[in-house]
Amino acid sequence: MQESKIIDAKVIVTCPGRNFVTLKIATSDGIYGVGDGTLNGRELAVSAYLQEHVIPCLLGRDPDRIEDTWQYLYRGAYWRRGPVTMAAIAAVDMALWDIKAKRANMPLYQLLGGRCREHVTVYSHTNGHDIPELLDSVAKHIELGYKAIRVQCAIPGVPDAYGVPHGDKPYEPADSGIPREEVWSTPKYLNFAPKMIEAVRTKFGPDLPLLHDAHHRLTPIEAAALGKSLEDFRLFWLEDATPAEDQQAFRLIRQHTTTPLAVGEVFNSIFDCQQLISERLIDYIRASLTHAGGITHMRRIASFADLYSVRTGCHGPTDVSPICMGAALHFDLSVPNFGIQEHMPHSAQTDEVFPHAYTFNNGYMHPGERSGHGVDIDEKLAARFPHKRMYLPIARLEDGTLHNW
Ligand code: KDG
Ligand code: MG
């Protein structure tokens with residue numbers, strides 16, 4: 001292949017409803033690639049990191065040397081890891097894989113070793129302000145073809161449960177202004193959650209894969225009790241039971257319950273899950289391509305996880321851009337130990353800003369056959385939606401103590 005150089009790189013921050021950070025890299029042979037560096041609520045930190053510290057070092061480099069560039073940005077910075085650094089590295093990495101696959105004139109999954117499955121099973125989000133509304137939402141998503149369903153519900157006596165919309169718009173937690181404060185009660189949640197899961201299981205039968213996200217709010221022993229109380233309803237997974245920087249906490253949960261455990265949407269590096277995986281404390285690793293160093297690093301995490309029968313379940317909320325979604329689908333199609341992919345559809349406006357080749361059909365997604373990762377950015381349209389300061393909410397207990405959101 002003819003030698004090529006990176007001749008230009010720029011960051012595009014756009015807010016078609018919510019903020020996205022995109023890196024676009026152009027090469028001397030007339031090809032460009034795009035990568036996602038969105039970090040919900042901290043977008044401009046990644047943008048500045050890329051602009052001020054990464055782009056000057058990229059110019060003139062060979063775009064084909066993806067692993068070497070990854071090491072250069074990771075080891076070479078001296079300051080390793082962290083969500084800002086790793087989202088910035090991820091944006092570069094995704095853009096370079098996009099370029100390499102375009103130069104090879106192949107869809108990215110072919111470069112990654114080809115497909116291990118026909119298509120990617122995704123799970124949808126469902127929610128309700130009460131159990132009947134949740135049951136309706138599950139029925140609606142089954143009708144849309146989804147083969148696996150995440151269930152979240154408002155909790156009697158708790159003003160703000162995670163995963164439930166405030167009005168009638170689709171659930172999207174980030175808001176403009178300073179962070180919204182929500183009120184949370186773990187005892188009320190622990191009392192209600194088994195009743196909610198039981199209602200869904202009873203109505204939809206034993207075969208529907210059900211997922212539930214506790215969103216980091218429990219202590220290890222509370223999580224153990226919840227997992228135990230849900231065993232009869234055979235969840236596909238219980239997600240983020242405890243804040244996972246304490247990897248040892250999962251030992252305690254594991255000692256008490258056979259409910260499968262998923263964790264890792266806030267992880268940035270293989271070291272965040274080293275103990276969780278090597279001690280078989282989890283069943284699914286949830287890191288996303290954008291937050292964990294891109295395709296290069298996620299492949300390393302997946303290979304490591306495969307040694308311990310841990311499967312992937314990539315984070316795929318609306319706060320990573322369609323570029324991450326597209327790249328994730330190529331990754332999902334090509335790794336042997338794929339488990340499931342989260343699918344939270346983007347708004348029509350976001351989809352317009354990021355034209356893409358991926359498709360959803362009857363509960364499965366496919367990245368498409370376009371060369372590269374198949375997702376682009378319409379820069380003119382993106383420029384019509386300037387960045388807005390937005391934050392995720394924070395959570396407080398009923399007595400005012402700051403808790404994990
Ligand atoms: O930015 C925070 C969201 O990505 C997170 O709340 C979504 O937990 C989440 C999920 O499982 O999608
Ligand atoms: Mg989650």
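Nothing fancy with the numbering, it's 1 onward along the sequence. In each ligand, atom 1 is the first atom listed, and ligand 1 is the first ligand listed.
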Return the closest protein heavy atom for [atom] as residue, atom name and distance.
atom	answer
atom 12 (O) of ligand 1	E342 OE2, 2.4 Å
atom 3 (C) of ligand 1	D319 OD2, 3.1 Å
atom 5 (C) of ligand 1	E265 OE2, 3.5 Å
atom 7 (C) of ligand 1	Y162 OH, 3.4 Å

Mark up the atoms of ligand 1 that fall under 4.0 Å of a heavy atom belonging to [X], in ascending order.
X	answer
R150	10 (C), 11 (O), 12 (O)
P317	4 (O), 12 (O)
H215	5 (C), 6 (O), 8 (O), 9 (C)
E239	11 (O)
D213	8 (O), 9 (C), 10 (C), 11 (O)
H315	4 (O), 7 (C), 9 (C), 10 (C), 12 (O)

Going by distance alone, is a donor N or O of one side chain under 3.5 Å from an acceptor N or O of the other, for [X] and [Y]?
X	Y	value
N127	Y162	no
E342	H125	yes
T257	E231	yes

For the pair R311 and D283, find out whether any cationic side-chain nitrogen is under 4.0 Å from an anionic carboxylate oxygen.
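Salt bridge flag = no for D283 with R311.
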Taken to the nearest 0.5 Å, the spacing of H291 NE2 from E265 CD works out to 9.5 Å
R251 atom CZ, over 12 foreign heavy atoms within 6.0 Å:
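Count over threshold, so yes.
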Using a 4.0 Å heavy-atom threshold (strictly under), name the region of L392 that reaches ligand 1: side chain, backbone, both or neither.
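The side chain, only.
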K102 and D98, any side-chain heavy atoms less than 4.5 Å apart:
yes
Is the closest side-chain heavy-atom distance between V151 and C153 below 4.5 Å?
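With C-beta onward as the side chain, the pair stays apart.
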Please say which of K140, R150, Q152, H141 ends up in a side-chain contact (heavy atoms from CB on, under 4.5 Å) with T126.
H141
Looking only at distances, can you tell me whether any N or O atom of W405, backbone or side chain, sits closer than 3.5 Å to an N or O atom of ligand 1?
no
Any N or O of R286 that comes nearer than 3.5 Å to an N or O of ligand 1?
yes
Minimum-distance N/O/S atom that [X] presents toward the Mg ion (ligand 2):
X	answer
D213	OD2
E265	OE1
E239	OE2

Closer than 3.5 angstrom, by distance alone: can the side chain of H356 be matched with the main-chain N or O of F354 as a donor-acceptor pair?
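Such a contact is found between H356 side chain and F354 backbone.
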